[in-house]
Number of protein chains: 2
Amino acid sequence: MSGSRKVVELFYDVVSPYSWLAFEVLCRYRNVWNIDLKLKPAFLGAVMHDSGNRPPGMIPNKFLYMTSDLKHVSEYFGVPVRQPSNVFETMFEKGSLKAMRFVTAVAEKEKEGDVKLERVSRELWNRIWSNDQDITLPASFAEAGLKAGLTASEVDELLTLATSQPIKDKLKSVTSEAIKYKCFGFPTIVCHVDGKPEIFFGSDRFEVMAHIIGEKWMGPNPVKPMAKM
Amino acid sequence: MSGSRKVVELFYDVVSPYSWLAFEVLCRYRNVWNIDLKLKPAFLGAVMHDSGNRPPGMIPNKFLYMTSDLKHVSEYFGVPVRQPSNVFETMFEKGSLKAMRFVTAVAEKEKEGDVKLERVSRELWNRIWSNDQDITLPASFAEAGLKAGLTASEVDELLTLATSQPIKDKLKSVTSEAIKYKCFGFPTIVCHVDGKPEIFFGSDRFEVMAHIIGEKWMGPNPVKPMAKM
């Protein structure tokens, strides 16, 4: 590896299936590309509201396409996305505010690295976007946390922390960072290249992104190059 | 090459810059992949109206992103896209109805293959999406046609044909084909795989599309494999 590691920020919300795809791909590439991946859990609802954007599900043909596109892309990427039985209720009525506060609490408690953050986020995606399970109740967060390898006492502490004002403020503040980048949906990926942020929306620009950060796209399942002796 | 050629239909409108990207990539791959590429000039305005979709330019942050994304992607794809000076006026007020009737007339007159259709489409994209030139006036179509290698008498005939009822009807009919595929924007790419249409929207699914039609994505500039002896 040569040169300084480029910072790549991934703004995501577990309510967004395309965020899951981007999350898995970037987690795979974090040890392949010379990047410093920063996971940035944020609240999609606020971004949509702020930008005036409408979810793709509001246009019937876009919704139909999303269903087929998610099937294509998740198979190709090797991420087990399966649409929940009631997408509208799941995404727009129930939403993800409490879930993202829980994720924010995990991020806040984790002093070094983001192993727990990565695992808990994945478990929540598994619940909503693979197993058609709830992500609004404390018991759901507890189950996701335990599956992610946290202890029962860690989970208890996180459930309390997740409802605290500092965590609510932290989620707002990370969401505001995304909004400052003029984002209009998630995933939003911000690559810092030569002091300039380059913004990529969605999970379909990895090849172009790689080119811009001076790396090579090797498809959704990269192989780490042999270390130079 | 083995097996039967898969039919790939590209529904496009020269008002759409992402359609240009898809058009150039598919024209490059038509001799590399075992496909039968069908160019389908259609009218984006009717598709947007029918689907209730709104152009990305209507959401300010999406418009900002489009500007930066088009720069990234067109550089990477090697297509000289440059935003016209007044995008809104160009895309939404002036529009492309007459231009697409002219393109339809070219398609209709061309008995074998689609060399002229390909060239004229490219010249119109060059006008609107590279050189900031008009695509609403007969003189503009004439110039594009001449640049594409048509003779003056061919151009004259096409200008007359483009205003005829059969050509208006033909454009409507191709647009209706796209609408039947539940499309909500262009480019819409329909791959016929084992008797089933697989739909891809946009110019960012080539890698997944290749996988589904049993071909290999080699980036925006493919190299034709050596013929087997």
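Order of the sequence lines fixes the chain letters, A, B, ..., with proteins taken first and strands second; residue numbering starts at 1 for each chain. The figures here come from the full heavy-atom set of this structure, side chains too, leaving out hydrogens, waters and symmetry mates.
- Proximity to chain B (any heavy atom under 4.5 Å) is shown, for Y181(A), by neither the backbone nor the side chain.
- Of all heavy-atom pairs spanning S68(A) and I199(B), the tightest one is OG-O, 4.4 Å.
- Around the CZ atom of R28(B), the shell of radius 6.0 Å holds more than 12 heavy atoms that belong to other residues, nucleotides or ligands.
- Between chain B and the options V208(A), I212(A), N61(A), heavy-atom pairs under 4.5 Å are most frequent for N61(A).
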task: Kindly determine whether R205(A) and H72(B) satisfy side chain to side chain contact (heavy atoms under 4.5 Å, CB included), including the steps that lead there.
output: CA-CA 10 Å; R205(A) 287 289 183 266; H72(B) 285 154; over 6 Å; no
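- Enclosure of atom NZ in K168(B) by more than 12 non-hydrogen atoms of other residues, nucleotides or ligands within 6.0 angstrom is indicated.
- The structure places CD1 of I59(B) at 14.0 Å from NZ of K182(A), a figure rounded to the nearest 0.5 Å.
- Annotation: maximal heavy-atom pairing with chain B below 4.5 Å, among F184(A), F201(A), F200(A), W217(A), occurs at F184(A).
- Among D50(A), L64(A), D69(A), the residue making the largest number of heavy-atom pairs under 4.5 Å with chain B is D69(A).
- Looking only at heavy-atom pairs under 4.5 Å with chain A, the residue among P220(B), G185(B), G202(B), C183(B) that has the most is C183(B).
- Proximity to chain A involves both the backbone and the side chain of N53(B), based on heavy atoms less than 4.5 angstrom apart.
- Summarising the local packing, CZ of R30(B) is surrounded by more than 12 heavy atoms from other residues, nucleotides or ligands at distances under 6.0 Å.
- Taking every heavy atom of both residues into account, S51(A) and P60(B) meet most closely at O-CD, 4.5 Å.
- In terms of non-hydrogen atom pairs under 4.5 Å with chain B, the most contact-rich of E198(A), E207(A), H211(A) is E207(A).
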